[in-house]
Q: 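First the structure, which I've put down as structure tokens, then a few questions once you've had a look.
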Amino acid sequence: MYIILAFVCLFLDQIFTSNANLNDRDQVILGKLLNCKDREYKSENRLRRNFWVLENFIQADHGRMRCSSNVTYTTHADYRYLDNLVPLLERWRSPLSLAMYAPGTDWEPTIESILWLLQCDGGRDLVRGLTSFHIYFEVAHTPKVMLKAETYLARKLDCTRPPPYQVMAWNKTYRSQKDLDYPVNTGRNVAREASLTYFVLASDIELYPTPDLVPRFFNMLGRPTYRSTVKSLVPVVYVLRIFEVESDATVPSNKLELQSMLWSSQAVPFHMNICPHCHKGPKLEEWINASVSDELNVFHKGVRIGRENRWEPIFIGTTNDPPYDERLSWERMSDKMTQAYAMCALGYEFHILDNSFLVHKPGIKLSLDSPERHELALRTESVIRMRFFREMRIIYGSRTGCLP
Ligand SMILES: *[C@@H]1O[C@H](CO)[C@@H](O)[C@H](O)[C@H]1NC(C)=O
Ligand SMILES: *[C@@H]1O[C@H](CO)[C@@H](O)[C@H](O)[C@H]1NC(C)=O
Ligand SMILES: *[C@@H]1O[C@H](CO)[C@@H](O)[C@H](O)[C@H]1NC(C)=O
């Protein structure tokens, strides 16, 4: 066993250090170390609880991938958020797995929006090359007519007309008319389960990563200090800090730009005004002040315990991390609380990265959307406390300091 490990480490020594892109043989070795399985890349319709899931309804051109070869950005949206896709891909430039919620008559504008991005947008090559689109909806809200993906893809759009996500009014959507909650965690799980790669960045589509994150990440894992974290005894995830910028500001593309924007108050830490303890995490000020380099490193190893137990970090993790709780919806908030509890109980370490981060689509949020949502959020929290955490303790065990 030790001999095999030593052998693997020897090879890992030579991996990525010279080049951030892995060659075929290195990928096989890394795949063995991670113990991940390559997945078939195919379209498949599945029933999941009360949802239909059309996995890989529209596939990316990249085709099959080795599970060890890359990081997949996994996310969820309804079509109104598709304006984020190209700005996100321009920075990410790696595979993206996107679960779209499209109940009832929201199906048509969803498909049309996707086709518009594939055919008409200036970033269409990135969209075609990198994005796997999955679609999901409750069985009770199955669209009346659904054609095959090939039929839709053969359709030629009039690119002089704006895409539905630019013109559609919220009160005209099927979802608002039927007053449906947004099943955020079903979308998160669907997108993550469809990832072809073992490493995933499970995030929200409005959060744009700094460029070159994936090559820098593999370069980091290849260096001796970090190599052991890939397969250490405690599970590790790699946290990206999140910032917001003024609506007329450009999104900073590196830490130096971010620092000057923070110092001139054009940028602030994410949700500073709404829920500071949800995103601050340990050592925020020190992180901001830290000197900058081109290399990616772990700035600090945090745990989600005691004072930090309301932290809802976004991180590069793996397809094996605990699932999101599909009983929680976006309207009810606290949608990551039970996953966070599970990770705490399982002893996860949150390694905060230093020179890469996420920036929200420009515009600083000042308050929660509505008093009703706040009310709902408080009620959900008490349900989680009383019922879900009791379950969670049974499933994952208890650990002092994990409960908020
Ligand atoms: C990840 O996939 C993209 C798209 O196929 C590719 O351009 C990129 O080089 C890959 N990254 C690594 C680290 O191999
Ligand atoms: C929908 O919203 C628009 C503007 O927000 C408003 O003018 C219109 O009257 C609304 N329509 C309905 C049916 O509520
Ligand atoms: C960060 O830098 C600012 C400005 O130079 C300084 O006022 C502050 O004390 C520093 N904070 C920490 C925690 O180092």
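In each ligand, atom 1 is the first atom listed, and ligand 1 is the first ligand listed. Values reported hereafter were calculated over all heavy atoms of this structure, with side chains retained and with hydrogens, waters and symmetry mates removed.
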Q: Hey, does the side chain of Thr72 reach the backbone of Thr74 with a donor-acceptor pair shorter than 3.5 angstrom?
A: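 Such a contact is absent between Thr72 side chain and Thr74 backbone.
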Q: Show the atoms of ligand 1 that are less than 4.0 angstrom away from any heavy atom in Pro95.
A: 1 (C), 2 (O)
Q: For atom 13 (C) of ligand 3, what's the nearest protein heavy-atom neighbour? Residue, atom name and distance, please.
A: Glu285 OE2, 3.6 Å
Q: Just checking, any donor-acceptor pair under 3.5 angstrom between side chains of Ser97 and Ser132?
A: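 Ser97 vs Ser132: no donor-acceptor pair found between side chains.
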Q: Quick test of your reading of the model: are Glu326 and Arg48 salt-bridged, counting only N-O distances below 4.0 Å?
A: yes
Q: Heavy-atom pairs closer than 4.0 Å: do any link ligand 1 to the side chain of Pro215, the backbone, both, or neither?
A: neither
Q: Could you tell me whether Glu138 and Arg49 have a side-chain N and a carboxylate O separated by less than 4.0 Å?
A: no
Q: Is the Tyr136 to Tyr101 ring centre distance short of 6.0 Å?
A: yes
Q: Below 4.0 angstrom, counting only protein heavy atoms, does anything approach atom 10 (C) of ligand 3?
A: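 There is a protein heavy atom less than 4.0 Å from atom 10 (C) of ligand 3.
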Q: Does the protein put a heavy atom less than 4.0 Å from atom 7 (O) of ligand 3?
A: no
Q: Please check: side-chain N/O of Ser94 versus main-chain N/O of Trp92, any donor-acceptor pairing under 3.5 Å?
A: yes
Q: Judging by distance only, is a nitrogen or oxygen of Asn70 under 3.5 angstrom from one on ligand 1?
A: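 N/O-N/O distance under 3.5 Å: yes.
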Q: Within the structure, does Asn289 bring an N/O atom to less than 3.5 angstrom of an N/O atom in ligand 3?
A: yes
Q: Would you mind listing which atoms of ligand 1 come within a distance below 4.0 Å of any non-hydrogen atom of Leu130?
A: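 In order of number, 4 (C).
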